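Report on one structure; see the data block that follows.
Proteins come first, then strands; the chains are lettered A, B, ... in the order of their sequence lines, and each starts at number 1. Predicted model only: the values in this text are computed from it and were never measured.
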4 protein chains.
Amino acid sequence: MTAEFEQAAQGLIAAGRLLYANGWVPAASGNFSARLSDGRLAVTVSGRHKGRLTADDILLADASGRSLDARRPSAETQLHVQIYRRFPRARAVLHPHSVNATLLSRLCAGDLILQDYELLKAFPGIDTHQCAVRVPVFPNDQDIERLAARVEARMAALDAPVQGYLLGGHGFYTWGDSLEDALRRLEAFEFLFECEMRLRGITHP
Amino acid sequence: MTAEFEQAAQGLIAAGRLLYANGWVPAASGNFSARLSDGRLAVTVSGRHKGRLTADDILLADASGRSLDARRPSAETQLHVQIYRRFPRARAVLHPHSVNATLLSRLCAGDLILQDYELLKAFPGIDTHQCAVRVPVFPNDQDIERLAARVEARMAALDAPVQGYLLGGHGFYTWGDSLEDALRRLEAFEFLFECEMRLRGITHP
Amino acid sequence: MTAEFEQAAQGLIAAGRLLYANGWVPAASGNFSARLSDGRLAVTVSGRHKGRLTADDILLADASGRSLDARRPSAETQLHVQIYRRFPRARAVLHPHSVNATLLSRLCAGDLILQDYELLKAFPGIDTHQCAVRVPVFPNDQDIERLAARVEARMAALDAPVQGYLLGGHGFYTWGDSLEDALRRLEAFEFLFECEMRLRGITHP
Amino acid sequence: MTAEFEQAAQGLIAAGRLLYANGWVPAASGNFSARLSDGRLAVTVSGRHKGRLTADDILLADASGRSLDARRPSAETQLHVQIYRRFPRARAVLHPHSVNATLLSRLCAGDLILQDYELLKAFPGIDTHQCAVRVPVFPNDQDIERLAARVEARMAALDAPVQGYLLGGHGFYTWGDSLEDALRRLEAFEFLFECEMRLRGITHP
């Protein structure tokens with residue numbers, strides 16, 4: 001294992017603790033990855049608890065997501081691979097599994113549209129609250145290859161770049177040019193999801 | 001006391017701190033146990049605060065739940081014994097007392113049905129979100145023997161194996177083949193209970 | 001200062017940190033006291049932040065609540081004195097200022113009645129969920145002497161012993177035969193207040 | 001750099017950690033400043049994560065908010081300067097970006113009026129709950145000079161001194177005669193915002 005892999009693994013371990021402390025990866029849910037400079041991936045091993053990751057819970061995979069040792073990567077690794085292929089600068093992919101993401105993906109009839117929030121400026125290329133960020137919502141699917149193909153087709157068809165997407169009853173995917181960047185986007189999205197959920201609980205007299 | 005008992009006790013103490021930090025065992029509520037390899041039980045002593053357990057707060061009981069020293073085990077120990085008898089592989093039983101479990105058990109007219117959540121896959125034997133997990137809801141009862149008999153009769157009558165059950169205004173019981181396994185199920189259920197409670201607060205325009 | 005006073009002060013300091021971590025004493029709100037074996041009181045100094053108390057923030061007062069040094073005790077010390085006089089075994093009084101207590105005291109038309117909760121058994125003398133615990137609600141009043149007299153008159157008139165009371169838009173008072181006992185009651189009440197507030201947010205279809 | 005600047009910077013770093021732990025400055029949002037005795041300002045550098053500030057993330061600016069080194073101060077520094085000019089005794093300005101402040105600023109048709117809360121006494125000059133505190137709400141604006149002028153005009157026109165104000169979909173500004181004082185006000189406002197948001201979620205039968 002290279003020093004770069006070990007550093008990436010340490011970053012994913014720390015991210016897991018941070019997300020778990022916020023309640024965003026309960027009960028071994030969620031998965032994370034980082035892309036190394038040679039294109040290979042550091043990926044969480046399938047089924048491990050993300051709040052208590054150790055170095056043994058991160059494996060090295062090739063650029064197609066195939067494990068380079070005997071351990072099995074997270075079942076949804078092909079969703080990570082799709083993101084890395086579409087966004088050449090992406091270096092980290094995070095899949096949290098929060099209550100808000102789970103519920104919003106079930107409550108939205110179509111895509112989720114976020115607008116008129118100052119925090120939208122946390123996303124790259126956005127410098128005003130006067131815009132609308134579209135978060136695609138996909139139905140959940142246990143066939144990950146088919147799901148990855150559907151995500152790819154949708155991203156190819158949209159005009160504006162996607163910053164993250166929701167899976168029905170399943171959580172959320174986002175990414176960034178670095179792990180720090182991905183974590184900032186994730187925090188921004190979770191804040192906005194909380195806002196959207198709270199608005200749905202307001203009783204108008 | 002054996003090393004196995006001491007290890008089990010340390011596990012229950014750590015579980016208590018984790019559950020208390022989440023607000024799931026307030027004010028000395030809740031109780032926990034572990035089954036040792038010889039069938040005897042490590043059980044929390046009655047009335048102790050679960051967030052601040054010490055070795056003195058865990059006693060050794062026989063397989064029927066009778067204390068093997070002068071201390072009194074949790075009042076609901078017979079509910080643990082019923083679970084260990086029905087599920088020969090169960091090694092840990094956890095009874096948290098969260099706000100969500102307390103309220104859902106009062107709001108549900110019959111059993112609670114959980115469906116279309118990816119996190120259902122955290123439960124053994126479930127590999128798709130396209131299923132329904134039934135969580136039996138029993139009326140609360142201060143007669144624990146009678147309550148244990150009612151739980152046993154219901155479990156015997158149901159087709160699918162039960163993963164946990166709710167007591168009216170009282171909380172929740174779950175278990176696992178190890179303490180870690182029981183904690184994972186507990187986190188999954190608490191996540192799903194939070195989802196269900198939030199959905200009941202949504203205002204449809 | 002005696003060792004007993006210093007131990008009582010350390011207990012109040014630790015209680016402050018615990019309550020603040022739960023969000024129950026924001027912005028220097030709340031006040032605490034302990035009664036020493038000679039009847040004198042350890043009381044929080046007026047205006048100090050309860051989450052960051054030091055030994056300098058606890059003063060010694062006589063049984064009437066008069067400071068025995070130059071510092072001024074919490075403005076509501078007479079409410080503590082009323083409790084100590086009515087309950088000879090009380091050794092600690094806690095006044096948290098939580099969101100739930102603040103809102104419930106405004107939303108209740110009369111007293112708050114808590115029933116059918118297993119956690120009611122956390123209160124002394126209660127051994128079943130099939131009972132009703134009355135929590136008196138008093139209108140807020142800046143005249144503390146007048147407020148203490150109103151609390152005393154109400155307690156004298158009620159049949160069942162009071163376990164705690166709410167002040168309109170102001171928070172909650174509870175107590176116990178020891179600081180640990182008062183903290184257990186406080187945790188139980190805050191849990192039940194959270195339950196009651198959540199029930200008021202449920203949307204019935 | 002002077003010892004006074006370094007002490008001010010350490011205070012802002014600690015404040016950032018406290019606010020982040022409460023979820024009030026997600027994803028690099030928010031900004032803070034302190035005024036030194038010579039009128040110069042310690043200001044957070046633009047775009048830094050407020051929960052993980054280091055000494056390198058605080059710069060020295062003149063009284064007009066112009067950076068005295070190569071780093072760029074927070075984009076909203078002119079809002080801090082307006083506050084320091086209007087309130088000669090102000091020594092700290094805090095801009096958190098909480099869910100409650102974000103939503104209240106969107107839900108209020110006009111200003112937010114807070115009344116009948118004991119915690120209003122946390123604000124200077126208020127000694128009873130029987131009063132009304134007006135929190136002006138301004139529409140969000142990416143033109144900070146224009147926004148600062150609008151805030152100044154409104155403050156000049158109001159009879160009572162303003163203790164803080166909301167920006168539409170953007171968060172909250174408050175200040176104090178010391179950092180500790182500003183933090184106490186901020187905690188009081190966030191508590192009151194939480195109360196106001198919860199009241200808007202109550203379902204009346």
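Note on C:G168, C:G201, C:G171: by heavy-atom pairs under 4.5 Å with chain D, the leading option is C:G201. Between chain C and the options D:L186, D:L120, D:T128, D:L192, heavy-atom pairs under 4.5 Å are most frequent for D:T128. Of the listed residues (D:K121, D:R184, D:H129), the greatest number of heavy-atom pairs within a distance under 4.5 Å of chain C belongs to D:H129.
Centroid-to-centroid, the aromatic rings of C:Y117 and C:F191 stay 6.0 Å apart or farther.
Contacts of D:N22 with chain C are absent, with no heavy-atom separation under 4.5 Å from either backbone or side chain. When heavy atoms are compared at a cutoff of 4.5 Å, C:R52 approaches chain D solely by way of its side chain, counted from C-beta outward. There is no contact between C:S105 and chain D, counting heavy-atom distances below 4.5 Å.
Salt-bridge annotation for D:R91 and D:E4: present, with a side-chain N of the basic residue lying under 4.0 Å from a carboxylate O of the acidic one. With respect to the salt-bridge test (charged N to carboxylate O, under 4.0 angstrom), the residues C:R150 and C:D143 do not qualify.
A cation-pi arrangement is not found for D:R134 relative to D:Y165, the charged atom failing to lie both closer than 6.0 Å to the ring centre and inside a 45° cone about the ring normal.
Note on ring orientation: taking the six-membered ring where Trp is involved, the planes of D:H97 and D:H170 are tilted (angle from 30° to 60°).
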